[in-house]
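Here the structure is laid out as structure tokens; the discussion comes afterwards.
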Amino acid sequence: MALQEVTAEKMKTDTLPPKRTSTKKKKWKNLGVGLLYLSPALIITGIFLFYPMFRTLYLSFFVTNAGGTPVSFIGFENYTMLWESATFRTSMSATFLFALYTVPTTIIISLFLAVITNEKVKGIPFFRVVFSSTLGVSVAAGATIWLLLFHPSLGVLNNLLNAVGLSGVQWLTSPNVALISVAITTIWMNIGFNFIVLLGGLQNISEELYESAKIDGAGYWTQLFKITIPLLSPTLFFVSVVTIINSFQTFGQIDILTGGGPSNSTNLIVYSIFREAFYNGYFGYASAQAIILFVLVLIFTFIQFKVGEKKVHYQ
Amino acid sequence: MMRKVIFYVLLLLSALIITFPVLYAISASFMTTAEINRGALIPSSLSFENYVRAFNSVPLFHFLFNSFVVSFTVMIGQLLLCSLAAFAIVFIPFKGRNFIFFLFIATMLIPWEATIIPNYLTVMNFGWVNTYPGLTVPFFAIAFGIFLLRQHFLTIPKELYESAQIDGCSSFRFYWSFVLPLSKPMLSALGIYGFLTTWNMYLWPLLVTNNNDVRTVQIGLKMMVSAETGTSWNVVMAGVVMVLLPTLILLVLGLNQLKRGLTAGALKG
């Protein structure tokens, strides 16, 4: 018995080790092959996303020279300077105000367009292309067109106002109006993306739900508010978070339309980072602002994950 | 019947408002300066003179060429790097691949604008200012692309890979001649997305180009605005139309693919 056990044990150990090394070998081989496939993407992400993120945090604790090399450590001083800066406070409130102007309006308009193109009438494909078209309009081109539309004497908008007997508006040079003008431009440019995503969400809602609702005698509005919008809520939530984050990243239309002015009323955070770093050479101070931008985006993405899971109605 | 009429009125009215800025830009690009000053909506004659002037005002053709090179390079780079990464994450079983996937997804939290300062310094140290690599390489790996392709690769049956391996097919051949052809719709969605977003990029090309060598057409447009404003809006609008044309055509042709891709990203993300 004992001998048998020993031999059995021996046999086990005789047969097992080679197998173990072969699976081990395979494991290592797979790891090597996997990393080989992943390495180009990992290297690019490492150099151009992870490293600069940590480097930005690092720079935000320093004063740098004009070449961006950190020269003296100052701890949180860049952040306390931001806290005390009236310019930065203006910039932050403009950033939030801008999100408030653009996000709800963009989503309501895009939802409206998606709902009216989800009908089965002739010519719908044409309208879908038309409503998506602003996705193909670049920031520079879109902003340049609106620069002409907003022109105080040549612009179509003031011509229209004059034609109905109203006086023209200083669209881009009045501190009270400029942010709204930039918001109008942005809403127009954002419609394409939001429309496409919302239309996709609408088309995912099963036809049967509407048919059984019809049998129950539900009218158009009941269907819209009791079926369409609740079932669309995950998509609505997604586009609202993406639009908020995009609004925090606004740059091109500011650069072309207002240059941050008048009196900093359109100096949104990314424009402020750009100006502090590349015009004024305050890389450390600008890095602290970049960290604040990062935290803002982080908070809104986190909200998407947390609230999105709980509050949103899934089909 | 009444319902249909209401929908058509709404559709036409919305279409008019949404397309007005672009239609006006096209119209203004054919107007004379006098017509612009008068506030006309439609040009009296169809002359391409403004386009000729636009191409003479800044090296517009050169800028368009640069934008094509840059957008096409980024598109190819993204398709390759993202598909390779997604392939490894889905098909090659090794420890830590989920962690790496998570790492890529985590980059979605990093707004590109928050990294421009060190990135600008990096590109400067590489000697990449005013070069195509400086404009393209940083954008080769995007989390959205890896995510989109991973979701699609997961729908390809694992058995296919196993039987291919038994037949002696290498993992790279499987990737190249099975996985990629099976993923054409998603690859084209990602390709169109990559081309469009790169063509439309503004902040980064503004930072890393300071002469006309590799400058893209978006920055060229800004140069034109500063050079021609106050005098020739019609020429500027001709430039705008030249910038818009390629992406609008691409959008019309690829809308369905793009919609599929963006919707997949939205619903699963």
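In this text, all values refer to a predicted model and were calculated from it rather than measured experimentally. Just so it is clear: chains get the letters A, B, ... in the order the sequence lines come, proteins before strands, and each one is counted from 1.
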Is chain A contacted by the side chain of [X], its backbone, both, or neither, given a heavy-atom distance below 4.5 Å?
| X | value |
| --- | --- |
| B/Lys259 | both |
| B/Leu206 | side chain |
| B/Leu12 | both |
| B/Ser14 | both |
| B/Leu10 | both |
| B/Leu207 | side chain |
| B/Leu196 | side chain |
| B/Leu251 | side chain |
| B/Phe101 | neither |
| B/Leu109 | both |

_side-chain contact (heavy atoms from CB on, under 4.5 Å) for B/Val137 and A/Ile47? Distances and angles first, verdict last._
CA-CA 10 Å; B/Val137 174; A/Ile47 295 178; over 6 Å; no
So which residue, [options], ends up with the most heavy-atom pairs under 4.5 Å with chain A?
| options | value |
| --- | --- |
| B/Ile249, B/Thr122, B/Val243, B/Asn119 | B/Asn119 |
| B/Gly39, B/Ala25, B/Ser171 | B/Ser171 |
| B/Met124, B/Gln78, B/Arg3 | B/Arg3 |
| B/Trp199, B/Phe140, B/Tyr175, B/Phe172 | B/Phe172 |
| B/Leu250, B/Leu103, B/Ile89 | B/Leu103 |
| B/Ile36, B/Leu41, B/Ile110 | B/Ile110 |

Flag side-chain contact, heavy atom, 4.5 Å: [X] against [Y]:
| X | Y | value |
| --- | --- | --- |
| B/Leu244 | A/Ile145 | yes |
| A/Ser138 | B/Thr247 | no |
| B/Leu203 | A/Val139 | no |
| B/Met108 | A/Thr301 | no |
| B/Phe7 | A/Ile116 | yes |
| A/Leu148 | B/Met237 | yes |
| B/Pro111 | A/Phe248 | no |
| A/Phe48 | B/Val123 | yes |

Part of [X] lying under 4.5 Å from any heavy atom of chain B:
| X | value |
| --- | --- |
| A/Lys122 | both |
| A/Leu42 | both |
| A/Gln203 | side chain |
| A/Phe278 | side chain |
| A/Ile292 | neither |
| A/Phe294 | both |
| A/Glu119 | side chain |
| A/Ala41 | both |
| A/Leu149 | side chain |
| A/Val137 | both |

Out of curiosity, [X] [atom1] to [Y] [atom2], how far, rounded to the nearest 0.5 Å?
| X | Y | atom1 | atom2 | result |
| --- | --- | --- | --- | --- |
| A/Ser132 | B/Leu248 | OG | CG | 11.0 Å |
| A/Leu31 | B/Lys95 | CG | NZ | 10.5 Å |
| B/Thr19 | A/Trp188 | OG1 | CH2 | 9.5 Å |
| B/Arg38 | A/Asn159 | CZ | CG | 11.5 Å |
| B/Phe139 | A/Ile44 | CZ | CD1 | 11.0 Å |
| B/Tyr193 | A/Phe193 | OH | CZ | 7.0 Å |

*Among A/Leu36, A/Val33, A/Leu38, A/Leu35, which residue meets the side-chain contact (heavy atoms from CB on, under 4.5 Å) test with B/Ile92?*
A/Val33
*Parallel, tilted or perpendicular: ring planes of A/Phe251 versus B/Tyr202, cut at 30 and 60 degrees*: tilted
Can you see which heavy atom on [X] is nearest to which on [Y], and at what distance?
| X | Y | value |
| --- | --- | --- |
| A/Thr56 | B/Thr115 | OG1-CA, 4.2 Å |
| B/Gln218 | A/Ala141 | OE1-N, 4.2 Å |
| A/Gly67 | B/Leu121 | O-CD2, 3.4 Å |

Could you check whether atom [atom1] of [X] has more than 12 heavy atoms from other residues, nucleotides or ligands sitting under 6.0 Å from it?
| X | atom1 | result |
| --- | --- | --- |
| A/Phe302 | CZ | no |
| B/Ile42 | CD1 | no |
| A/Tyr220 | OH | yes |

_Chi angles and distances behind the side-chain contact (heavy atoms from CB on, under 4.5 Å) call for A/Leu135, B/Leu255_ = CA-CA 10 Å; A/Leu135 184 64; B/Leu255 186 62; 5.7 Å; no
Largest heavy-atom contact set with chain B, pairs under 4.5 Å, which of [options]:
| options | value |
| --- | --- |
| A/Tyr58, A/Trp146, A/Phe126, A/Tyr51 | A/Trp146 |
| A/Gly32, A/Ala277, A/Ser133 | A/Ser133 |
| A/Ile191, A/Val270, A/Leu296 | A/Val270 |

*Yes or no on side-chain contact (heavy atoms from CB on, under 4.5 Å) for A/Ile273 and B/Glu113, after CA distance, side-chain angles and deciding distance?*
CA-CA 9 Å; A/Ile273 295 171; B/Glu113 289 77 4; 5.8 Å; no
*ring-ring contact (aromatic ring centres under 6.0 Å, His included) between A/Tyr37 and B/Phe91: does it pass, once the steps are laid out?*
CA-CA 11 Å; A/Tyr37 280 99; B/Phe91 286 101; over 10 Å; no
